Chemist: 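Would you mind keeping the following structure in view while I ask a few things?
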Amino acid sequence: MIKNIILIFISCIGFVNWSYSQKTIDIKFLQNEVPKEQVYIHVNTTLLLSGEKLLYKFYCVNSGSNKLSNLSETGWVTLVNSDREEVFQHKLDLDNGQAYSDFFIPSDLPSGAYKMLGYTSWMLNAKGNYFEQDIHILNPYQKSNKGLILNDSIEATIQKVKTQTSNEFSLDLNKNSFSKREEVILSIDNTNKVRGDFSISVRRIDDFDKPKRVKSTNFSEIYNRNAWDFSDTLILPEVRGSFYRGRIRGGNKETFQSNNLIVSFAGEKNHVNIVSVDDTGEFNFTVNNGSSVDEVLFQLLGYNKDDFSVGLYKDNYPDFSKLNFGKQPTIQKNLKDYILEKSINNQIENAFSITKADQVLIPEDKAYFFDGELIKYNLDDYKRFKEVSETFVEIIKSGRVEKSKDETYSIFVRNENFNGQFTQPALLIVDGVVVQDHSKLISFGAERIQTIGLLTRKTFYGPETFQGIVTIETKEGDFPEELRGSYMKSAKIITSQSRKQYYSPDYKNEDLDRIPDYRYQLWWNPNANFKTKNSVNFFTSDLSGKFEIELEGFTKDGEPISIRKVFSVD
């Protein structure tokens with residue numbers, strides 16, 4: 001219900017001036033009724049060497065109940081260096097308040113102290129209202145490591161890891177000591193009583209002095225100082241995806257006041273949008289989750305001049321100037337041999353990265369919202385014709401191409417409701433991009449077109465009404481450069497992180513005898529929900545030593561769970 005009300009707010013803002021909307025929205029309602037959010041991020045480690053991956057699981061929870069939040073559908077993660085500069089920013093598509101991703105530590109990233117920040121746009125209505133985790137990075141390939149403090153002490157900082165359990169359930173292993181490349185079976189007790197969403201990291205324990213890892217059981221302490229305030233600014237929650245604002249400049253002011261803005265993404269059908277522009281040239285739109293294209297194309301509807309520009313406002317960020325990085329990373333000199341060994345092992349692992357690659361999970365291809373009503377023609381099912389106009393004459397019975405006196409072309413469709421022809425040209429969409437100049441398609445080679453679809457009824461698209469729609473899918477599916485016009489403006493946006501299936505070897509069923517295995521991170525499972533079984537398995541590597549199993553997450557009732565268990569490999 002609350003999410004639907006917020007959607008109405010956003011829809012209203014699309015038709016009125018943004019600053020005016022800020023004053024008219026019921027601030028008291030937002031303050032007292034709309035759930036507040038907090039973010040917890042489970043990381044696989046807080047100290048990494050170049051060539052390793054920072055793995056993380058993002059949890060967005062209702063700050064009142066600790067249950068996973070379904071309000072925001074977009075999460076943000078930023079890594080900031082001690083100079084308060086952004087190293088990376090990840091956009092995450094949230095599924096029931098959860099997402100996960102990773103960041104490979106490149107060889108050109110300097111050693112030093114870093115901060116990992118996690119937040120939703122809605123959270124930024126309170127100052128300093130974001131999750132933060134200290135991260136140390138060690139780059140052994142740099143001659144000068146100004147970001148490090150070398151300690152002459154010969155005593156290693158022995159990491160003391162105690163087995164931790166929960167009142168509800170615990171982690172059990174089939175044994176406590178394993179051989180190299182041996183299967184480890186991890187069992188969870190009382191899974192019938194405990195349901196929730198968890199992430200598991202299994203990693204070798206080392207002797208580095210590293211930042212303390214924030215746990216799900218104590219992360220809320222970060223937010224004790226934060227007070228929500230909507231008096232000066234208002235950042236609405238991203239309840240349908242990523243929310244963007246921008247402005248049109250130049251040209252004739254009356255032009256963008258009377259013309260709506262077309263928003264398209266090449267190759268993506270379900271992200272075509274038509275939005276209103278206010279009298280100052282401002283507009284806003286939402287990109288639904290699942291977009292993988294970083295270029296957005298803008299056109300003024302019914303306008304073909306190149307005398308205007310379109311720009312997007314910067315994303316909302318936490319205030320980096322308030323970050324406190326504390327002390328620099330301290331490394332004992334007696335760990336030199338261990339660092340050298342680990343660096344070599346990391347290089348070997350990366351050399352075999354193709355064999356051990358994580359599998360990117362390709363999202364399903366989402367169609368136009370009217371896709372089920374399209375009359376589709378796969379041109380491979382018919383005799384091929386060289387010209388598009390000839391193809392319409394011979395194959396596309398519900399459509400026609402007309403040539404005007406000024407030698408331009410327009411495409412029309414038949415009105416299914418009255419068995420007659422529409423009098424206005426159809427909306428033409430090619431590979432997810434609206435093409436207003438139909439002549440460009442007519443001069444396009446028909447042999448490069450895969451399918452033609454027709455919607456033969458009057459259609460409401462945003463604030464506009466069209467007399468039918470024609471969709472074109474090219475064989476490449478990426479919107480050909482020839483169809484672009486100078487009246488199409490572009491801007492770059494951040495795409496969402498792809499979901500992955502993280503690699504884990506299976507020595508029972510894979511022939512890996514000749515493949516070296518120097519994994520320090522034995523296993524990473526960001527989606528351990530234990531709904532179907534109460535045990536999981538993974539394999540040790542060619543490394544001996546102590547390894548730590550770490551489980552973090554939240555039960556369905558909002559109770560944080562943080563469990564540790566240690567085992568050895570000989």
Side-chain angles (χ1 to χ4, degrees), residues 43-56 79-85 87-88 102-116 132-162 180 201-215 323-352 516-522 524 540-550 564 566-570:
V43 295
N44 64 325
T45 182
T46 58
L47 186 143
L48 299 107
L49 272 64
S50 301
E52 292 190 292
K53 279 185 180 179
L54 172 60
L55 303 161
Y56 66 86
L79 188 69
V80 183
N81 64 23
S82 57
D83 291 328
R84 294 168 178 79
E85 300 169 332
V87 176
F88 74 77
D102 58 78
F103 176 70
F104 181 81
I105 308 299
S107 59
D108 59 352
L109 191 63
S111 301
Y114 294 77
K115 286 275 189 182
M116 189 178 195
E132 58 179 290
Q133 169 69 67
D134 289 303
I135 301 290
H136 286 175
I137 291 176
L138 171 59
N139 188 335
Y141 307 112
Q142 288 185 322
K143 293 182 178 179
S144 175
N145 269 300
K146 298 180 180 179
L148 296 179
I149 297 175
L150 295 180
N151 193 331
D152 292 329
S153 172
I154 61 173
E155 295 182 4
T157 305
I158 300 175
Q159 191 181 68
K160 297 180 180 179
V161 181
K162 296 181 179 180
K180 296 175 181 178
S201 173
V202 182
R203 189 174 177 85
R204 188 182 181 187
I205 299 171
D206 55 44
D207 295 332
F208 288 113
D209 182 14
K210 63 184 67 172
K212 190 175 182 179
R213 186 158 30 190
V214 180
K215 301 176 182 178
L323 296 176
N324 180 14
F325 285 84
K327 67 175 184 178
Q328 292 176 288
T330 300
I331 303 297
Q332 283 82 15
K333 287 186 177 181
N334 62 305
L335 291 176
K336 178 180 178 181
D337 291 340
Y338 176 79
I339 293 172
L340 176 61
E341 177 189 14
K342 189 171 184 178
S343 299
I344 294 173
N345 289 340
N346 286 338
Q347 291 181 57
I348 294 173
E349 281 294 292
N350 291 326
F352 286 88
D517 188 353
Y518 295 118
R519 289 174 298 127
Y520 290 81
Q521 184 76 41
L522 293 186
W524 169 252
T540 60
S541 63
D542 292 335
L543 301 176
S544 59
K546 296 286 186 180
F547 289 80
E548 176 189 14
I549 302 172
E550 179 184 62
R564 304 289 187 278
V566 177
F567 65 93
S568 62
V569 178
D570 300 320

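Side chains included, hydrogens not; waters and symmetry mates left out as well; all remaining heavy atoms used. On a predicted model such as this, the values are computed, not experimentally measured, just so you know.
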Chemist: What pairs with Phe547 under ring pair (Phe, Tyr, Trp, His ring centres under 6.0 Å), at least two apart in sequence or on another chain?
Modeler: Phe567

Chemist: For Lys210, is there any backbone N or O sitting under 3.5 Å from a side-chain donor or acceptor partner on Thr46?
Modeler: no

Chemist: Roughly how far, to the nearest 0.5 Å, is CG of Leu323 from OH of Tyr114?
Modeler: 14.0 Å

Chemist: Can any side-chain N or O of Asn350 pair as donor or acceptor with the backbone N or O of Gly51 at less than 3.5 Å?
Modeler: yes

Chemist: In Å and rounded to the nearest 0.5 Å, what is the CG to CD distance from Asn346 to Glu52?
Modeler: 4.5 Å

Chemist: Quick one, Val569 with Lys180, criterion side-chain contact (heavy atoms from CB on, under 4.5 Å). Give me CA distance, side-chain angles, the key distance, then yes/no.
Modeler: CA-CA 6 Å; Val569 178; Lys180 296 175 181 178; 4.1 Å; yes

Chemist: Where do Ser343 and Tyr141 come nearest, in terms of heavy atoms and distance?
Modeler: O-OH, 3.7 Å

Chemist: Which heavy atom of Pro140 sits nearest to which heavy atom of Ser50, and what is that distance?
Modeler: CD-OG, 4.1 Å

Chemist: Looking only at the aromatic ring of each residue, does the gap between the centers of Phe103 and Tyr56 stay below 6.0 angstrom?
Modeler: no

Chemist: Determine whether Leu54 and Met116 satisfy the following criterion, side-chain contact (heavy atoms from CB on, under 4.5 Å), listing intermediate values before the conclusion.
Modeler: CA-CA 10 Å; Leu54 172 60; Met116 189 178 195; 4.1 Å; yes

Chemist: Taking atom CD1 of Ile105 and atom CG of Leu138, what is their separation to the nearest 0.5 Å?
Modeler: 11.0 Å

Chemist: Hey, are the side chains of Arg203 and Trp524 touching, using non-hydrogen atoms and a 4.5 Å cut-off?
Modeler: no

Chemist: Between Val202, Leu55, Asp102, which is the residue that forms a side-chain contact (heavy atoms from CB on, under 4.5 Å) with Asn44?
Modeler: Leu55

Chemist: Let me confirm one number: the CD1-CG distance from Ile339 to Asn334, rounded to the nearest 0.5 Å.
Modeler: 9.0 Å

Chemist: Could you go through Leu522 and Ser541, starting from their C-alpha distance and side-chain angles, then the distance that decides it, and tell me whether this counts as side-chain contact (heavy atoms from CB on, under 4.5 Å)?
Modeler: CA-CA 7 Å; Leu522 293 186; Ser541 63; 3.6 Å; yes

Chemist: How long is the gap from CD1 on Ile135 to OG1 on Thr45, to the nearest 0.5 Å?
Modeler: 7.5 Å

Chemist: For Asp83 and Glu85, indicate whether the former's side chain and the latter's backbone hold a donor-acceptor pair under 3.5 Å.
Modeler: no

Chemist: Under the ring pair (Phe, Tyr, Trp, His ring centres under 6.0 Å) test, which residues partner Tyr520, sequence neighbours left out?
Modeler: none

Chemist: For Ser544, is there any backbone N or O sitting under 3.5 Å from a side-chain donor or acceptor partner on Arg204?
Modeler: yes

Chemist: Please give me the minimum heavy-atom distance between Lys342 and Asp206, naming the atom from each residue.
Modeler: NZ-OD2, 3.9 Å

Chemist: Roughly how far, to the nearest 0.5 Å, is the CG atom of Leu148 from the OG1 atom of Thr330?
Modeler: 8.5 Å

Chemist: Could you tell me if the side chain of Asp209 sits less than 4.5 Å from the side chain of Asn151, heavy atoms only?
Modeler: no

Chemist: Kindly say whether Tyr518 contributes a backbone atom to a donor-acceptor pair with the side chain of Glu349 at under 3.5 angstrom?
Modeler: yes

Chemist: Do the side chain of Asn139 and the main chain of Ser107 share a donor and acceptor less than 3.5 angstrom apart?
Modeler: yes

Chemist: Under the 3.5 angstrom rule, does the side chain of Gln133 hit a backbone N or O of Lys212 as a donor-acceptor pair?
Modeler: yes

Chemist: Donor-acceptor pair, Asp517 side chain versus Asp542 backbone, under 3.5 Å?
Modeler: no

Chemist: Under the 3.5 angstrom rule, does the side chain of Arg213 hit a backbone N or O of Val43 as a donor-acceptor pair?
Modeler: yes

Chemist: Is the side chain of Lys115 donor-acceptor paired with the backbone N or O of Asn324 at a distance under 3.5 Å, no angle test?
Modeler: yes

